[in-house]
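Start at 1 and go down the list; that is how both ligands and their atoms are numbered.
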Amino acid sequence: MEYGNRVLIQESLVQVGKTITLKGWVATKRDHGKLTFIDLRDRSGIVQCMGYQKMGELTTESVIEVTGIVKQRPANMVNTQIETGTVEVDVQEYRILNTAKELPIQVEGDGYEINEESRLKYRYLDLRRSRLNSMLKLRSKFIRAFREALYTEDFVEVETPMLTKSTKEGARDFLIPSRFYPGKFYALPQSPQQYKQLLMTAGVERYFQMARCIRDEDLRADRGFEFTQLDLEMSFVEQHDVMALVEQVVKSAVTAVGGKIKQDPFPVFEYADVMKKFGADKFDVRTEEEKKAGVLAFAWVVKFPFFKKVDKKDAAEVRDSKSGWTFTHNPFSAPIPEHEEWHVKGEHTGEIITAQYDLVCNGYEAGGGSIRAHKPEVLRATFRTMGYSDAEIEASVGHMLEAFEVGTPPHGGIALGIDRLVMLLAGENNLKETIAFPMTSTGRTAVMDAPTEVSKEQMKELGMEVKENK
Ligand code: ASP
């Protein structure tokens with residue numbers, strides 16, 4: 001059902017001989033003396049419109065309404081570049097709905113040559129280009145396919161809070177000052193890790209969420225502070241169960257958007273072996289031809305060490321550990337069952353293997369998850385190994401320990417990086433190309449240029465003051 005008294009451009013193909021009204025953007029304009037030709041674009045496509053001289057006043061990217069007769073184009077003049085190339089609209093009347101002045105960036109072409117600052121400042125124009133427009137559609141279709149695959153498997157989509165407490169994903173937290181409790185702060189979630197585990201305690205059994213995660217990490221050219229994860233958790237499962245389910249939904253979502261997968265089932269590697277073989281736990285097993293053909297090569301990596309020595313240059317690791325040991329992936333993971341005794345007794349710390357599994361794709365980490373500690377003594381042992389006193393354990397994960405004492409089923413899950421998967425599917429090599437409004441490389445928001453200063457009154461309400469940085 002179309003609204004707004006218009007016909008979609010794509011439908012003009014089957015309206016030959018009829019008078020129709022189209023609404024859209026002037027993609028291009030060509031003046032030919034008495035006649036003016038424009039290509040009109042809407043969300044469904046592009047069609048050529050031909051009109052009298054006055055249409056020469058139209059500027060590119062203006063929004064117009066056109067009423068005209070759809071005509072078949074002569075066979076030798078069919079435009080094979082566009083879907084509606086067999087027809088054109090003979091304009092009887094048009095109306096300008098919004099005039100575009102001279103554009104700060106061009107909308108035609110793929111836009112790679114335009115600098116990032118301009119592309120993000122005028123992102124609403126940048127997104128009009130067909131490369132990015134198709135990207136948004138691909139992303140939406142991919143997420144939909146994931147959702148459908150998960151609904152079929154009885155998963156429930158649940159939202160978890162954005163204003164929360166530090167989540168210990170190994171990154172720096174984004175902090176939000178509280179107006180009601182001056183001097184106290186919320187943290188934005190680095191992931192919904194703890195809430196999804198609490199949903200297992202709550203009896204949900206199969207949870208998922210398209211979750212926004214926020215981490216105050218050092219900026220890199222292709223990364224901002226926010227990203228989207230497909231976050232899921234399941235109860236009464238072992239490692240191989242979660243891996244099988246994830247593999248099934250990934251295959252179903254990837255193939256739904258036309259992606260090609262190299263190996264099915266996904267090969268499984270052990271961490272120690274991949275470190276020997278590839279020198280890293282992310283690797284690319286595609287051949288040159290497969291790279292050219294846009295194939296996705298998924299692989300699992302398992303048997304990671306649970307703990308590592310703190311990297312003194314990593315602020316979050318230094319903050320999270322008090323003993324010099326910290327977790328390699330996730331403090332809420334369980335050790336593999338064979339190593340549970342060592343773990344609880346605090347022995348053989350460097351040798352303990354965690355029930356963690358990472359999903360690698362084309363040289364990137366596409367996701368990671370684990371079977372979790374669901375018994376209080378196992379989670380407590382993790383924090384004890386990291387040097388926490390009983391009081392410190394209570395203060396940081398006391399709420400989880402409490403939940404683990406009222407009937408928490410064994411559980412495990414994973415989070416998959418949606419931005420990264422879309423990037424690989426689209427054959428792009430920058431995550432920002434997959435996000436509608438990404439941040440600049442210098443940490444400023446697209447279009448709105450935050451962070452910005454706030455008023456003295458706002459600061460006062462928060463009980464805060466900015467010290468001059470001289
Ligand atoms: N919460 C973890 C992360 O964000 C993923 C998981 O273990 O489910 O990396």
How are the rings of [X] and [Y] set to each other: parallel, tilted or perpendicular (split at 30° and 60°)?
X    : Y    : result
F283 : F278 : parallel
H348 : W342 : tilted
F266 : F298 : parallel

| field | N/O separation below 3.5 Å, S370 to ligand 1 | value |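 For ligand 1, there is no N or O atom that lies under 3.5 Å from one belonging to S370.
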| request: Check whether any N or O atom of E233, backbone or side chain, sits under 3.5 Å from an N or O atom of ligand 1, and answer yes or no. | output: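 Looking only at distances, the answer is no, because the N/O contact criterion of under 3.5 Å is not met.
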Just jot down the ligand 1 atoms closer than 4.0 angstrom to any heavy atom of [X], in number order.
X    : answer
K196 : 6 (C), 8 (O)
I414 : 8 (O)
R215 : 3 (C), 4 (O), 9 (O)
G369 : 6 (C), 7 (O)
E169 : 1 (N), 2 (C), 3 (C), 4 (O), 9 (O)

| field | Centroid separation F142 to F146 less than 6.0 Å | value |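 Ring centroids of F142 and F146 are less than 6.0 Å from each other.
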| query | Is the gap between the ring centers of F236 and H411 under 6.0 Å? | reply |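 No, the ring centres sit 6.0 Å or more apart.
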| Shortest protein contact, atom 5 (C) of ligand 1 (heavy atom only) |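 Answer for atom 5 (C) of ligand 1: G368 O, 3.3 Å.
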| request: Could you find the nearest protein heavy atom to atom 7 (O) of ligand 1 and give me its residue, atom name and distance? | output: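 Residue, atom and distance for the closest contact: R372 NH1, 2.8 Å.
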| request: Decide whether the shortest distance between a heavy atom of Q190 and an atom of ligand 1 is less than 4.0 Å. | output: no
Hey, is [X] touching ligand 1 through its side chain, its backbone, both or neither, going by heavy atoms under 4.0 Å?
X    : answer
H329 : neither
Q356 : neither
Q197 : neither
S191 : side chain

| Residues K292 and E288 bridged, charged N to O under 4.0 Å | no
| query | Between D419 and R139, does at least one N-O distance fall below 4.0 Å, as a salt bridge requires? | reply | yes
| said: When you measure from the side chain of E317 to the backbone of D311, do you find a donor-acceptor pair of N or O atoms at a distance under 3.5 Å? | reply: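 Yes, because the side chain of E317 sits within donor-acceptor range (under 3.5 Å) of the backbone of D311.
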| query | Counting only N and O atoms by type, is there a donor-acceptor contact under 3.5 Å from the side chain of D314 to the main-chain atoms of A316? | reply |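 Here the side-chain-to-backbone pair exists.
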